[in-house]
Every structure is written in structure tokens, then in C-alpha cells.
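Just below is one structure, and these are the notes that go with it.
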Amino acid sequence: LWDITVDGTNYNVGTLLNTEYQDGVGAPGTLSIASDGAVWTPAPQPDCSNVTTSVAVPIRPLLSNEQFVEDLLPGAWEVERTDLVAQQNAAGNVFTTADRATLQQILSLLQQLVNKQ
């Protein structure tokens, strides 16, 4: 929808962004205007073939009150503090067996109502 004018020539901004993002959004490089149009010149990528140091994962050992737990997104993990989870459970912020039984009762009543119709 947007065009810009450089030296009397109109360029579609979407096309320019598409050209710039060819190596990924935020990839380093420069966008220049040549006689034949916009030219994206990617920055040289660093040569990491001779890197000998690495950082172990996790970057630091977990504390005694920390553990890995799966996040809401499949395959994503996060560090959870077990002392905070215990505090939440003590405060009543946990789904209990009694809660489950109550929901089962409600489900049963709803199914009975549906079957009567």
C-alpha cells in the first residue's frame, strides 16, 4: 500500500521489506537503491568454525528450589521455583480432587439435562 520515491522513482515498501527480510527479519545488511531497483546486500556472516569455547546449558546449575517444567507450548521448557509453587498451593491456587469431583457432578447433571430433551 505504501510507496516511497527516491530520485523520482517509486518503490513499493512491501517489496523493499521483502527484499530486506530475505535472510530473516533483523538480519544485518544494507539496502541500497541502484539503477535497476533496490538491492539488499547482506552483511558478511561471522566465521564460527574456529570457535572452541561453549556455554553449557543451563548457563548455571539449578538451585535446590528450582526444576525444569514443560511450558504451555509443546517442546518449550522453563525453570520453575518449587518454593513459589508450594506457596501457591498453600494459598489454595491449586486444582484439587474435590474440585474434580464437583466438576464431574456438574458434567453428570448437564448430561442428564441434555438426554431429557
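Not measured: the values here are computed from a predicted model.
When each of Thr15, Val13, Asn12, Thr9 is checked for a side-chain contact (heavy atoms from CB on, under 4.5 Å) with Asp3, only Asn12 meets the rule.
Hydrophobic clustering (ILVMFWY, side-chain heavy atoms < 4.5 Å, transitive): Leu16 and Val6 are in one cluster. Tracing side-chain contacts under 4.5 Å through hydrophobic residues (I, L, V, M, F, W, Y), one reaches Trp77 starting from Val79; they form part of the same cluster.
A heavy-atom distance below 4.5 Å is found between the side chains of Tyr11 and Ile33. Annotation: side chain of Arg100 is not in contact with side chain of Leu103 (no heavy-atom distance under 4.5 Å). Between Val69 and Glu78 there is a side-chain heavy-atom pair separated by less than 4.5 Å. Counting heavy atoms from C-beta on, the side chains of Leu31 and Val39 never come closer than 4.5 Å.
Atom CD of residue Gln112 and atom CG of residue Leu107 lie 10.0 Å apart, to the nearest 0.5 angstrom. In this structure, CD in Gln111 is found 8.5 Å from CD in Gln104, a value given to the nearest 0.5 Å. Taking CG of Asp83 as the reference point, atom CD of Glu66 lies at 8.5 Å (rounded to 0.5 Å).
When all heavy atoms of Thr82 and Gln67 are compared, the closest pair comes out as CG2-CD, 3.6 Å.
In this structure, Asn18 contributes its side chain and Gly14 its backbone to no donor-acceptor pair below 3.5 Å.
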Identify each donor-acceptor pair in which a side-chain atom of residues 40-49 lies under 3.5 Å from a protein atom, sequence neighbours left out, and give them as a table.
residue : atom : partner : partner atom : Å
Gln45   : NE2  : Ala43   : O            : 3.4
Asp47   : OD1  : Ser49   : N            : 3.1
Asp47   : OD1  : Ser49   : OG           : 2.7
Asp47   : OD2  : Ser49   : OG           : 3.3

